[in-house]
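These figures come from a predicted structure and were not determined experimentally.
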Amino acid sequence: MAKTASKKKTKSRTQGRLGKALTQLRTRPLAFMRGLLIRAVLAIVGVILLLVLLFAFVNPPTTQTMWSEGRRLGKPVEQDWVSIEDIAPVMVRSAVAAEDANFCLHWGFDVAAIRAAISEGNKRGGSTISQQVVKNVFLWQGRSWPRKALEAGITPAVEAVWSKKRILEVYLNIAELDEGVFGVGAASNHYFGVPPAKLSATQAARLAAVLPSPKTRSAGKPSARVRKRAVQIVDGAATIRADGRAACFED
């Protein structure tokens, strides 16, 4: 009898809540929808924050870009996840020199670079490596305002929870470096037939030189433009090592 009474009470409470929700929907539809939207947004934020904490220690299994590229190609993409300790230091410096020379000096946003990009009409928008990681790991490609807003909100959280070294490790494992080839682990073998730990300064610079446009540039058969850019990156990598801008990710 006690169990039956308990079940009736539970059923009554459920029906009461449902009835209350339906009444609110009929009498105050805007308030109901607003409350529903707020709860949905809070749930999404909660999930993202949990993933930020998780991926500080666990490698992201895939990204939206990898998934969509695999679907487009009709086959799995190439990716061999490697620890940053197994990547040649010159490769890490080259990526930073090419994409975000002030990586160690900012908290996720390079304000000076953003201002310069806006004034010069730069389509890339001055995104830092941290922003690129957030976009690729947690969000999607594209230039929509909702995506930009989410990126702006998540980037400080990643900077607060992840080390600079971890941000670079994830970046170097998820960046697209050729059609269907992601990360320096796969790209070093794909282009040069060597593990990422054995990359030379020139090879590393050529990989970094294709980062802005991996589908139109090649590190294995570099155009004159890629060769010129690679020379600049070699110099940039040496410069940030000498002036201390590589200190946050090099022991």
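From Q203, atom CD reaches atom CE of M91 across 10.5 Å, with rounding to the nearest 0.5 Å. Separation of atoms CD1 (I84) and CZ (R166) is listed at 9.5 Å; rounding is to 0.5 Å. Taking OG of S218 as the start and NE2 of H190 as the end, the distance is 7.0 Å to the nearest 0.5 Å. To the nearest 0.5 Å, the span separating NZ on K164 from CD on E169 amounts to 15.5 Å. Atoms CG and CG, on L177 and L207 in that order, are 5.5 Å from each other to the nearest 0.5 Å. Going from atom CD of E99 over to atom OH of Y171 covers 4.0 Å, rounded to the nearest 0.5 Å.
Inter-residue side-chain proximity for P60 and W81 is flagged as met; some heavy-atom pair is nearer than 4.5 Å. Under the 4.5 Å side-chain criterion, counting only non-hydrogen atoms from C-beta, L150 is not in contact with F138. For the pair V170/W162, a side-chain contact is recorded, criterion being any heavy-atom separation below 4.5 Å from C-beta on. In this structure the side chain of S130 never reaches within 4.5 angstrom of the side chain of W107, judged on heavy atoms. Proximity of V226 to K221: side-chain heavy atoms (C-beta onward) are nowhere separated by under 4.5 Å. No side-chain heavy atom of L49 sits less than 4.5 Å from a side-chain heavy atom of L53. Between Q141 and R147 the shortest side-chain heavy-atom distance does not fall below 4.5 Å. Residues F249 and I167 are not in side-chain contact: their nearest non-hydrogen atoms beyond the backbone lie 4.5 Å or more apart.
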For Q79 and I174, what are the C-alpha separation, side-chain angles and deciding distance, and is it a side chain to side chain contact (heavy atoms under 4.5 Å, CB included)?
CA-CA 8 Å; Q79 187 204 29; I174 65 172; 4.2 Å; yes
Steps toward side chain to side chain contact (heavy atoms under 4.5 Å, CB included) verdict (D80, N189):
CA-CA 10 Å; D80 299 316; N189 184 65; 5.8 Å; no
Let's go through S127 and K148 carefully: what are the C-alpha distance in whole Å and the side-chain angles of both, what is the deciding distance for side chain to side chain contact (heavy atoms under 4.5 Å, CB included) to 0.1 Å, and is it a yes or a no?
CA-CA 11 Å; S127 291; K148 279 290 186 183; 4.0 Å; yes
Given the rule in the side chain to side chain contact (heavy atoms under 4.5 Å, CB included) test, do F103 and I240 qualify, once you have shown the distances and angles that lead to the verdict?
CA-CA 10 Å; F103 177 72; I240 65 170; over 6 Å; no
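Heavy-atom minimum distance, A205 versus A230: CB-O, 3.4 Å. For the residue pair S188 and P195, the shortest heavy atom distance occurs at OG-C, 3.6 Å. Closest approach of M66 to V77, counting heavy atoms only: O-CG1, 3.6 Å. In plain terms, the two heavy atoms of G185 and P196 that are nearest each other are CA-CG, 4.1 Å. The two residues Y191 and R217 have their closest heavy-atom pair at OH-O, 4.1 Å. Closest approach of P214 and P212 over heavy atoms only: CD-C, 3.8 Å.
Two different hydrophobic clusters hold I233 and I87 under the rule that ILVMFWY side chains link at heavy-atom gaps under 4.5 Å. Residue L139 is grouped with residue V133 when hydrophobic side chains (ILVMFWY) are merged at heavy-atom distances under 4.5 angstrom, including chains of intermediate members. The hydrophobic clustering, which links ILVMFWY residues whose side-chain heavy atoms are closer than 4.5 Å, places F192 and V234 apart. A single hydrophobic cluster is seen to contain both V194 and L172, as judged by linkage of ILVMFWY side chains at heavy-atom distances under 4.5 Å, directly or through other members. A chain of hydrophobic side-chain contacts below 4.5 Å, direct or via other Ile, Leu, Val, Met, Phe, Trp or Tyr residues, connects I44 to V137.
More than 12 heavy atoms of other residues, nucleotides or ligands sit less than 6.0 Å from atom NZ of K215.
Between the N173 side chain and the V82 main chain, a donor and an acceptor come within less than 3.5 Å of each other. Without hydrogens or angle criteria, K135 side chain to E151 main chain gives no donor-acceptor distance under 3.5 Å. Judged purely by atom type and a 3.5 angstrom limit, T128 uses its side chain to pair as donor or acceptor with the backbone of G108.
Listed by first then second residue, pairs satisfying salt bridge (charged side-chain N to carboxylate O under 4.0 Å, His left out) with a partner in residues 224-242 number zero, not counting sequence neighbours.
By the 4.0 Å N-to-carboxylate-O rule, E250 lies too far from K165 to be salt-bridged with it.
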